[in-house]
Amino acid sequence: MKQSQKPIEKASALSEKGSKVDHSKKDEKQNPTSLRGKPKSGRIWKTPKERFATVKKSLRGKKSSQQIAFREEIKHIKELSRSIKETKRCENEMKRQRREENKRRRMENERKSEIVQIIKNPAKLKRMRKKQLRMIEKRDISKLNVV
């Protein structure tokens, strides 16, 4: 009697498992984002970003007036995305120019504030220690106002 009950329980368990599998397949078809696994970064709360091209889907079998309105909306979205990209590009270009200008100005100021001492006797270089030799840099004297 016990043996006959066990196969019935297994059959009921199989039917339950089978129904669970069917529900998960339906969920996968309805929600394709559930197919994504755990992100490599570990930030599971982050959602995938949509690009401008995928924001608006095309319409099939709609009336001409709806189609025209849809095309106008797509043109507006594309123009908006183009303007955003252009402003970002301009901002980055201005930041780059500003960085270069600041770097150039900083180098000029460093050169102006340097204390210059001309070594006329090259034998002094032979007597100097390594640390002192590392401090020495060559400069063009014609640009300096040293007498």
Side-chain angles (χ1 to χ4, degrees), residues 6 9-147:
K6 286 184 180 179
E9 289 174 5
K10 286 182 181 178
S12 64
L14 286 175
S15 65
E16 288 174 4
K17 287 181 183 176
S19 64
K20 286 182 181 178
V21 173
D22 292 339
H23 290 300
S24 64
K25 286 182 181 177
K26 289 178 185 176
D27 290 339
E28 288 176 8
K29 289 178 184 176
Q30 290 173 353
N31 193 1
T33 57
S34 65
L35 294 176
R36 290 173 54 95
K38 185 179 176 185
K40 193 171 188 179
S41 62
R43 299 177 179 176
I44 53 175
W45 61 89
K46 295 276 187 176
T47 57
K49 301 282 189 280
E50 287 187 348
R51 297 186 178 185
F52 278 109
T54 60
V55 169
K56 201 72 177 169
K57 305 280 190 223
S58 62
L59 296 174
R60 296 282 179 221
K62 297 295 178 182
K63 296 175 184 173
S64 62
S65 60
Q66 287 179 331
Q67 197 73 16
I68 292 169
F70 178 73
R71 285 187 186 141
E72 289 296 322
E73 193 173 353
I74 287 178
K75 283 182 185 177
H76 177 69
I77 290 172
K78 285 185 179 179
E79 183 62 35
L80 189 67
S81 69
R82 228 180 274 123
S83 66
I84 290 171
K85 286 178 186 176
E86 183 66 25
T87 54
K88 282 188 178 182
R89 191 186 62 76
C90 288
E91 286 175 6
N92 289 341
E93 182 68 23
M94 291 185 65
K95 283 181 183 178
R96 186 185 63 79
Q97 288 176 351
R98 189 166 182 266
R99 272 196 309 267
E100 288 175 358
E101 181 66 26
N102 287 344
K103 188 176 181 181
R104 188 184 56 78
R105 196 179 309 120
R106 192 178 306 118
M107 289 296 290
E108 286 177 6
N109 289 340
E110 283 179 14
R111 291 281 160 88
K112 284 179 187 175
S113 66
E114 283 179 342
I115 299 171
V116 180
Q117 185 178 4
I118 299 173
I119 300 173
K120 294 179 181 173
N121 185 5
K124 281 186 178 179
L125 293 174
K126 300 266 185 188
R127 293 193 301 259
M128 284 185 177
R129 292 182 299 242
K130 280 187 180 179
K131 279 190 177 180
Q132 289 174 325
L133 284 172
R134 284 190 203 116
M135 300 283 287
I136 293 175
E137 293 179 10
K138 291 183 180 179
R139 292 282 183 262
D140 187 14
I141 299 174
S142 62
K143 292 179 182 176
L144 296 173
N145 296 331
V146 178
V147 177

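All values below were derived from every heavy atom in this structure, side-chain atoms included, with hydrogens, water molecules and symmetry-related copies excluded. In this text, all values refer to a predicted model and were calculated from it rather than measured experimentally.
Take Arg127 and apply the side chain to side chain donor-acceptor pair (under 3.5 Å) test, not counting sequence neighbours, and it matches no residue. The salt bridge (charged side-chain N to carboxylate O under 4.0 Å, His left out) test applied to Arg105 returns Glu101, not counting sequence neighbours. With sequence neighbours left out, Ile136 forms a side-chain contact (heavy atoms from CB on, under 4.5 Å) with Ile119, Leu125, Met128, Leu133. In this view, Arg82 and Glu79 satisfy the salt bridge (charged side-chain N to carboxylate O under 4.0 Å, His left out) rule, not counting sequence neighbours. With sequence neighbours left out, the side-chain contact (heavy atoms from CB on, under 4.5 Å) criterion links Ser41 to Pro39, Arg43. By the salt bridge (charged side-chain N to carboxylate O under 4.0 Å, His left out) test, Glu108 pairs with Arg104, sequence neighbours left out. Met94 is linked by a side-chain contact (heavy atoms from CB on, under 4.5 Å) to nothing, counting only residues two or more places apart in sequence or in another chain.
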- Query: Can Arg106 and Glu110 be said to form a side-chain contact (heavy atoms from CB on, under 4.5 Å), step by step?
  - Reply: CA-CA 6 Å; Arg106 192 178 306 118; Glu110 283 179 14; 4.0 Å; yes
- Which is it for Ile44 and Lys38 under the side-chain contact (heavy atoms from CB on, under 4.5 Å) test, yes or no, and what are the steps along the way? CA-CA 6 Å; Ile44 53 175; Lys38 185 179 176 185; 3.9 Å; yes
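With rounding to the nearest 0.5 Å, the separation of CD in Glu114 from CZ in Arg139 is 4.0 Å. Taken to the nearest 0.5 Å, the NZ atom of Lys88 stands 11.0 Å off from the OG atom of Ser83.
Every pair passing side-chain hydrogen bond (donor to acceptor under 3.5 Å, both in side chains) that includes a residue from residues 89-98 is listed here, sequence neighbours excluded: Glu86-Arg89, Glu93-Arg96, Arg96-Glu100.
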